[in-house]
Amino acid sequence: MEGLALAVPVAQSQLLPFPTAYRFVSLKRHRGRGFRFRTWLCSQAQGVPLPEQVTVPDTENSLTGDSIRQRFLNFYASRGHKVLPSASLVPDDPTVLLTIAGMLQFKPIFLGKVPRQVPCAATAQRCIRTNDIHNVGLTARHQTFFEMLGNFSFGHYFKKQAILWAWELSTAEFGLPPDRLWISVYEDDDEAFQLWSDEVGVPVERIKRLGEEDNFWTSGVTGPCGPCSEIYYDFHPERGYVDADLNDDTRFIEFYNLVFMQYNKKDDSSLEPLKQKNIDTGLGLERMARILQKVPNNYETDLIFPIIEKASKLANVSYGIADDQTKRNLKIIGDHMRAIVFLISDGVVPSNVGRGYVVRRLIRRVVRTGRLLGIKGDGRGDLEGAFLPIIAEKVVELSTHIDADVMNKASRIFEELKREELRFVQTLERGEKLLEEKLSDALSSAERNGTVPCLAGEDVFLLYDTYGYPMEITKEVAEERGVSIDMDGFDIEMEKQRRQSQAAHNTVKLDIENGENIAENVPDTEFIGYDNLHCKAMIESLMVNGNPAPQVSEGSNVEVLLNKTPFYAESGGQIGDHGYLYISKGENQPKAVVEILDVQKSFGNIFVHKGTVQKGVVEVGKEVEAAVDVKLRQRAKVHHTATHLLQAALKKVIGQETSQAGSLVAFDRLRFDFNFHRPLRDSELAEIEVLINGWIEDATQLQTKVMPLVEAKSAGAIAMFGEKYGEEVRVVEVPGVSMELCGGTHVSNTSEIRGFKIISEQGIASGIRRIEAVAGEAFIEYINARDFYLKQLCSTLKVKPEEVTTRIENLLEELRAVRNENSAVHAKAAIYKASVIASKAMLVGNSKQYRVLVECFDDADAESLKSAAEYLLETLTDPAAVVLGSCPGEGKVSLVAAFTPGVVDQGIQAGKFIGQIAKLCGGGGGGRPNFAQAGGRKPENLASALDKARSELIATLCEKGN
């Protein structure tokens, strides 16, 4: 490629039709990595007319990852494709956890559930895949976060054009030498083979036919499917054609995959041609960057390597001269940090479930990898600090052309990373303690049984997966103690997890459902509910239990599809409208009545009205009077506008970086979830209420506009969490307060809200808070109910409202005093009983030196039992072991174990001992080696549990005593 001159399009202004001019680039090999560039501009070249305008960055370096991305999009934009933004990593699809493919946002189009908005599109999609997480850093190409560049056709062009453009992009646009490109096709796809051979001119020796496993794409057991064709780059053409294996990673890398979606797989596995043939392609940005930048792996491209350099500096190591393991650790950090930053930016918060677990696992892997590299604290001298935010700064810096919104969320990302890292460091420390316990157990067991000490694979995996303790460190520490580790058992546990991960997260399910025929025959529902709450409409279809029905009679549940409706369908957190459908008989006498209790959107923009036939018979083709419940709609409008005000108030009070993480707009309340790391203080909640009620009092007129998405975002409109938007969006603005993209229903003036009150604030997940509030009519009802309860309380306590708090505090203090007196009496009784039974202690051991006392204390509570055990421990001379049990209430068991130093020295720990006994009573517990408490739920097992405790203590102490 050296010496090649490329003509690179460059805009003469920020936004001009492509191309307007060309920048010629001369490439010179530079220091074994990348290229040095010389550039010059030619005069105005004749442009190719485009259907849209494309932003072209004016960059000196045409081989940067950012420029590769832009050139791909420009290439397809100049060929009639609509360039669309990347979808969120959090997909609007319940069948997948995260966005794992570029085609995911187009799934409803491929299924025929929604009509295409454009005939063909191009995207640069952010993706996450964690099924191969253990290959990250080992191979040259595996990543958890990557960008998939894709061009898509929705019945517009098909196989021939897709192949020709893919070849042109690879060879003409990116300048890849044709003799280094190999092709794979499905073994039975003669058409693709002929196109590559005859139309493109690829020698047949470089076209490989592969089987179904490699080159036939299926979305699931049934659904759209079709053959694939892939383009591979050959790093070692000198090896020739004989026995060439495209799966040889040392020679080939697949960088472009073309899926020809031309069949529907039926239940009997037979294939039928699709009515609309589609194209779904994916070009790996990092893979193309590796090829063009001539580096040995994806990690050393300019997309990832700056992050690795940042980590190297903190670890005080040089990547260039590092050993393979150090390089692998640095690659893990470089890859995982990209995934972590973009996941948190898209609203994923570390937790122990779902998407939150994915990001938490990645964070923990980076933290422990940093420790392996020797990064201490923040890597800059603060041993109590965190290093993840420092590396994340570089990721944010590189994110500009991937997702510009990451920069706006940087402070929240850094704060989340700091909290999670410092919390995990404590978990790691607990892991160290657990490892010490497991090693001690392994050594003790080996000594008793005369075997070689070995740490179980399950324990190694527990340390690795739950506590984030690296297997390498576990192995090293174990070997220092003379303990081997069961690697086979560890590998089995790892494989179990890997299979579960692959099964759960590595497929995009596309099924053509029974409702497709309905979607084909029923047009989109016209929604008129912003301006009208009743209208006449035609029944287009009726469904009972998901199946079409020509008519439905009284008493049946039914789903009604109308040609137009005033009913709002659930979306954007707002629940669907309630109301009625009337079929008139004449003279205003209803022939049939359907009560509507829910409205949902299905198959794109078809409104499904769910309800019950209260009277008569409803039939397809009949005219109905659709009427929304006006009072309930007003309640929803009030709560939806109040939600917008709440978000604006939160940003003012706790910071602009907070963002929505979910919402519910119901008739009786609103619920708003948001990102924040701590509970809100009472003063902050009060300030939020004052702000909102002030805006309500201002009686501000709302403004609603429909405008292009780009224009709305430029104006500062906030997007609603989890919502997808088209090119035209609806913007709801409370002038001077808030501006959001929203399709929900709202009041006309803030004064209609009447009042706002927060009723609760709580955490629902790590880093996620939830506020519930009421407004409007629900606010009045809430205030009236509180007033009613307060009056009852005043009447009962015989005090004025302002005296209620003082009176209750006095009552609680009196109650505490009585309880303390009662506890003291019970403790004295227990100690007295202990003094009586102390003489029952058994003498065990070879020299009868150990005193063992195991007794039941009837209904003594846990505190009394503790007092009795402490008394006995002081009374009985060392060495002594005391175990007491009681049933303090129905379905309750209390246990306590107290051992003197002489018993503990024999390796018997109270915490472990009593925990095992408690399991016999359906419970658990633990504590210190010399003193521990436990509980249970099966009083009927207490007697046998105490017998077990007595026999085990005697047996163990007799053995130790010998």
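Below, all heavy atoms of this structure are taken into account, side chains as well, without hydrogens, waters or symmetry copies. This is a predicted model, so every value here is computed, not measured.
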If you measure from [atom1] on [X] to [atom2] on [Y], what distance do you get to the nearest 0.5 Å?
X	Y	atom1	atom2	answer
L97	L89	CG	CG	11.0 Å
E890	D859	CD	CG	13.5 Å
I808	E813	CD1	CD	14.5 Å
L957	M842	CG	CE	11.0 Å
I771	I758	CD1	CD1	4.5 Å
R371	F424	CZ	CZ	8.5 Å

Looking at residues at least two apart in the chain, or sitting in another chain, which of them share a side-chain hydrogen bond (donor to acceptor under 3.5 Å, both in side chains) with [X]?
X	value
E874	none
R412	none
D382	none

Would the distance check show the side chain of [X] and the main-chain N or O of [Y] forming a donor-acceptor pair, the cut-off being under 3.5 Å?
X	Y	answer
Q933	V896	no
T956	L953	no
E421	F387	yes
R769	I764	no
T900	D878	no
S867	E863	yes
S445	A442	no

Could I get the full list of salt bridge (Lys or Arg N to Asp or Glu O under 4.0 Å) partners for [X], not counting sequence neighbours?
X	value
E809	none
E772	R669
K833	D858
K948	E952

Would you name the heavy atoms of [X] and [Y] that are closest together and state the gap between them?
X	Y	value
L388	V367	CD1-CG2, 3.8 Å
F899	V904	CB-CG2, 3.9 Å
L884	A868	CD1-CB, 3.9 Å
L463	G431	CD2-O, 3.4 Å
S894	A862	OG-CB, 3.8 Å
T875	A838	CG2-CB, 4.4 Å

- Decide whether N810 and E814 meet the rule of one side-chain donor and one side-chain acceptor closer than 3.5 Å. no
- Query: Does one side chain, of S864 or D861, offer a donor that lies under 3.5 Å from an acceptor on the other?
  - Reply: yes
With a 4.5 Å heavy-atom cut-off, do [X] and [Y] have their side chains touching?
X	Y	result
V349	I344	no
I363	L417	yes
R816	E821	no
H336	I133	yes
V893	R937	no
I837	F857	yes
L670	V774	no
R129	T144	no

- Message: Listing request: all ring pair (Phe, Tyr, Trp, His ring centres under 6.0 Å) pairs with a residue in residues 874-895, at least two apart in sequence or in separate chains.
- Response: none
Which atom pairs, donor and acceptor, lie under 3.5 Å between side-chain atoms of residues 672-680 and protein residues at least two apart or in another chain?
from : atom 1 : to   : atom 2 : distance (Å)
D673 : OD1    : R770 : NE     : 2.7
D673 : OD2    : R770 : NH2    : 3.1
N675 : ND2    : S659 : O      : 3.4
N675 : ND2    : S659 : OG     : 2.8
H677 : ND1    : R419 : NH1    : 3.2
R678 : NH1    : E684 : OE1    : 3.1
R678 : NH2    : E684 : OE2    : 2.8

Extract all donor-acceptor atom pairs below 3.5 Å that involve side chains of residues 789-807 and protein atoms in other chains or at least two apart in sequence.
from : atom 1 : to   : atom 2 : distance (Å)
K791 : NZ     : D787 : OD2    : 3.3
T796 : OG1    : Q792 : O      : 3.0
E803 : OE1    : K800 : N      : 3.2

- Report the residues that fulfil side chain to side chain contact (heavy atoms under 4.5 Å, CB included) with K376, sequence neighbours left out, ordered by chain and then residue number. L383
- Message: Working note: L434 + E437, criterion side chain to side chain contact (heavy atoms under 4.5 Å, CB included); need CA distance, chi angles, decisive distance, verdict.
- Response: CA-CA 5 Å; L434 178 62; E437 289 181 12; 4.2 Å; yes
- Query: Do K433 and E436 sit within salt-bridge range, that is, some charged N less than 4.0 Å from a carboxylate O?
  - Reply: no
- Query: Going by an N to O cut-off under 4.0 Å, is there a salt bridge joining K418 and E415?
  - Reply: no
- Test L98 against L343 for side chain to side chain contact (heavy atoms under 4.5 Å, CB included), laying out the working first. CA-CA 9 Å; L98 295 164; L343 281 168; 3.7 Å; yes
- Output, in order, the C-alpha distance, side-chain angles, deciding distance and verdict of side chain to side chain contact (heavy atoms under 4.5 Å, CB included) for L946 and L895. CA-CA 9 Å; L946 291 176; L895 292 162; 4.1 Å; yes
- Task: Kindly check if the number of other-residue, nucleotide or ligand heavy atoms within 6.0 Å of CG (N820) is above 12?
- Result: yes
- Criterion side chain to side chain contact (heavy atoms under 4.5 Å, CB included) on C887 and L942, from CA distance to verdict: CA-CA 8 Å; C887 300; L942 178 60; 3.6 Å; yes
Donor-acceptor pairs under 3.5 Å, side chain of residues 912-931 to any protein atom, not counting sequence neighbours: which ones?
from : atom 1 : to   : atom 2 : distance (Å)
K912 : NZ     : D441 : OD1    : 3.3
R928 : NE     : N930 : OD1    : 3.3

